[in-house]
Asker: 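Can you read through this structure? Questions will come right after.
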Amino acid sequence: MTSDTVQQDMFTVLHGQPAPVVTRWSYSAADPFAVSLSVRTRHDRWVEWLVGRELVVEGLSGPVGEGDVRMRPCSVQGYDIVEIEICSHDGRAVLEVDRDLLRHFVDTTLDVVALGDETGRIDLDEEIARITSSCAE
């Protein structure tokens with residue numbers, strides 16, 4: 001039996017910085033289209049981005065993304081990595097994560113929910129009720 005959630009911590013290099021930072025990658029069947037990418041800051045605070053799972057899957061094999069999050073595989077000093085560029089009105093960060101570690105995380109999410117099966121995991125009536133109840137407040 002498989003769990004409905006996946007979580008994996010990885011050391012990630014912030015482009016141009018000598019020390020790695022910890023990132024936490026999370027996936028839940030309850031939100032089957034998204035991956036949570038959290039970066040731990042110096043003060044043990046986590047900054048979180050929601051990224052489309054399909055973008056992460058495609059980012060393993062080629063450049064993808066428009067707007068705030070872009071990914072591309074590349075080699076740096078003989079290491080296969082995925083470069084993740086995150087932009088916001090506060091600035092820009094480029095993260096470098098080991099491609100094999102990210103591939104392992106993605107493969108584990110596919111064990112939870114296969115690509116193409118995401119819509120079968122969403123209860124549309126429940127989502128509509130949640131949205132409409134939050135609008136009424």
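Side chains included, hydrogens not; waters and symmetry mates left out as well; all remaining heavy atoms used.
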Asker: Just wondering, do Phe33 and Thr119 contact through their side chains at under 4.5 Å, heavy atoms?
Answerer: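 Side chain of Thr119 against side chain of Phe33, heavy atoms only: contact under 4.5 Å found.
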
Asker: Do you know which two heavy atoms are closest between Gly59 and Pro73, and how far apart they sit?
Answerer: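 Of all heavy-atom pairs spanning Gly59 and Pro73, the closest is O-CD, 3.3 Å.
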
Asker: Got Val35 and Leu50 here, is their nearest side-chain heavy-atom distance under 4.5 Å?
Answerer: no

Asker: So with a 6.0 Å cut-off around CD of Glu54, is the heavy-atom count from everything else above 12?
Answerer: no

Asker: Got a second to check how far Trp25's CH2 is from Ser38's OG, nearest 0.5 Å?
Answerer: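 One finds 10.0 Å between CH2 of Trp25 and OG of Ser38.
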
Asker: How about Arg40 and Arg45: do any of their side-chain heavy atoms sit closer than 4.5 Å?
Answerer: no

Asker: Taking the side chain as C-beta and beyond, is there a heavy-atom pair between Val22 and Trp46 under 4.5 Å?
Answerer: yes

Asker: Do Phe11 and Val39 belong together in a cluster built from hydrophobic side chains that touch within less than 4.5 Å?
Answerer: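 Unlinked, Phe11 and Val39 end up in two clusters.
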
Asker: Between Val97 and Ile81, is there a shared hydrophobic cluster once you connect ILVMFWY residues whose side-chain heavy atoms come closer than 4.5 Å?
Answerer: no

Asker: Show your working on side chain to side chain contact (heavy atoms under 4.5 Å, CB included) between Asp80 and Asp100 and close with a plain yes or no.
Answerer: CA-CA 8 Å; Asp80 288 332; Asp100 287 335; 5.9 Å; no

Asker: Within a radius of less than 6.0 Å around CD of Glu48, do more than 12 heavy atoms belonging to other residues, nucleotides or ligands occur?
Answerer: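 Yes, enclosed.
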
Asker: Could you tell me if the side chain of Val94 sits less than 4.5 Å from the side chain of Glu83, heavy atoms only?
Answerer: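 SC-SC contact between Glu83 and Val94 confirmed.
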
Asker: Between the side chains of Asp107 and Arg103, is the shortest nitrogen-to-carboxylate-oxygen separation below 4.0 Å, so that they form an ion pair?
Answerer: no

Asker: Can you tell me how far the OG atom of Ser26 sits from the CG atom of Asp9, to the nearest 0.5 Å?
Answerer: 8.0 Å

Asker: Please tell me whether Val76 and Leu95 are part of a single hydrophobic cluster in this structure, the criterion being side-chain heavy atoms less than 4.5 Å apart.
Answerer: no

Asker: Do Thr5 and Tyr27 touch side chain to side chain, with heavy atoms closer than 4.5 Å?
Answerer: no

Asker: Are Gln8 and Leu101 close enough, and set up right, to give a side chain to side chain contact (heavy atoms under 4.5 Å, CB included), and what steps lead you there?
Answerer: CA-CA 9 Å; Gln8 183 173 336; Leu101 288 175; 4.0 Å; yes

Asker: With a 4.5 Å limit on heavy-atom distance, are the side chains of Asp68 and Ile86 in contact?
Answerer: no

Asker: Identify the heavy atoms of Cys87 and Glu85 that sit nearest to each other, and give their distance.
Answerer: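 Here Cys87 and Glu85 meet closest at SG-OE2, 3.7 Å.
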
Asker: Say you draw a straight line from OG1 of Thr109 to NE2 of His104; how long is it, rounded to the nearest 0.5 Å?
Answerer: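 Answer for the OG1-NE2 pair, Thr109 versus His104, is 11.0 Å.
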
Asker: What I'd like to find out is whether the side chain of Val21 reaches to under 4.5 Å of the side chain of Met10, using heavy atoms alone.
Answerer: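 Counting from C-beta outward, Val21 and Met10 never come under 4.5 Å.
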
Asker: Spell out, as yes or no, whether a donor-acceptor pair under 3.5 Å connects the side chain of Tyr79 to the backbone of Asp98.
Answerer: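 Answer holds: no.
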
Asker: I'd like to know if the side chain of Glu118 and the backbone of Gly116 have a donor-acceptor N/O pair within less than 3.5 Å.
Answerer: yes

Asker: Can a donor-acceptor pair be found between the side chains of Thr23 and Thr12 at a distance below 3.5 Å?
Answerer: yes

Asker: So, applying side chain to side chain contact (heavy atoms under 4.5 Å, CB included) with Val106, which one of Val6, Leu115, Val57 is it?
Answerer: Val57

Asker: To the nearest 0.5 Å, what is the distance between CZ (Arg72) and CD1 (Ile84)?
Answerer: 12.0 Å

Asker: Nearest 0.5 Å please: distance from the OG atom of Ser36 over to the CZ atom of Arg53.
Answerer: 14.0 Å

Asker: Which pair of heavy atoms, one from Met71 and one from Val56, lies closest together, and at what distance?
Answerer: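 In terms of heavy atoms, the two residues are closest at SD-CA, 3.9 Å.
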
Asker: Are Val82 and Val13 linked, directly or through intermediate hydrophobic residues, by side-chain heavy-atom contacts shorter than 4.5 Å (ILVMFWY only)?
Answerer: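 Shared cluster, no.
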
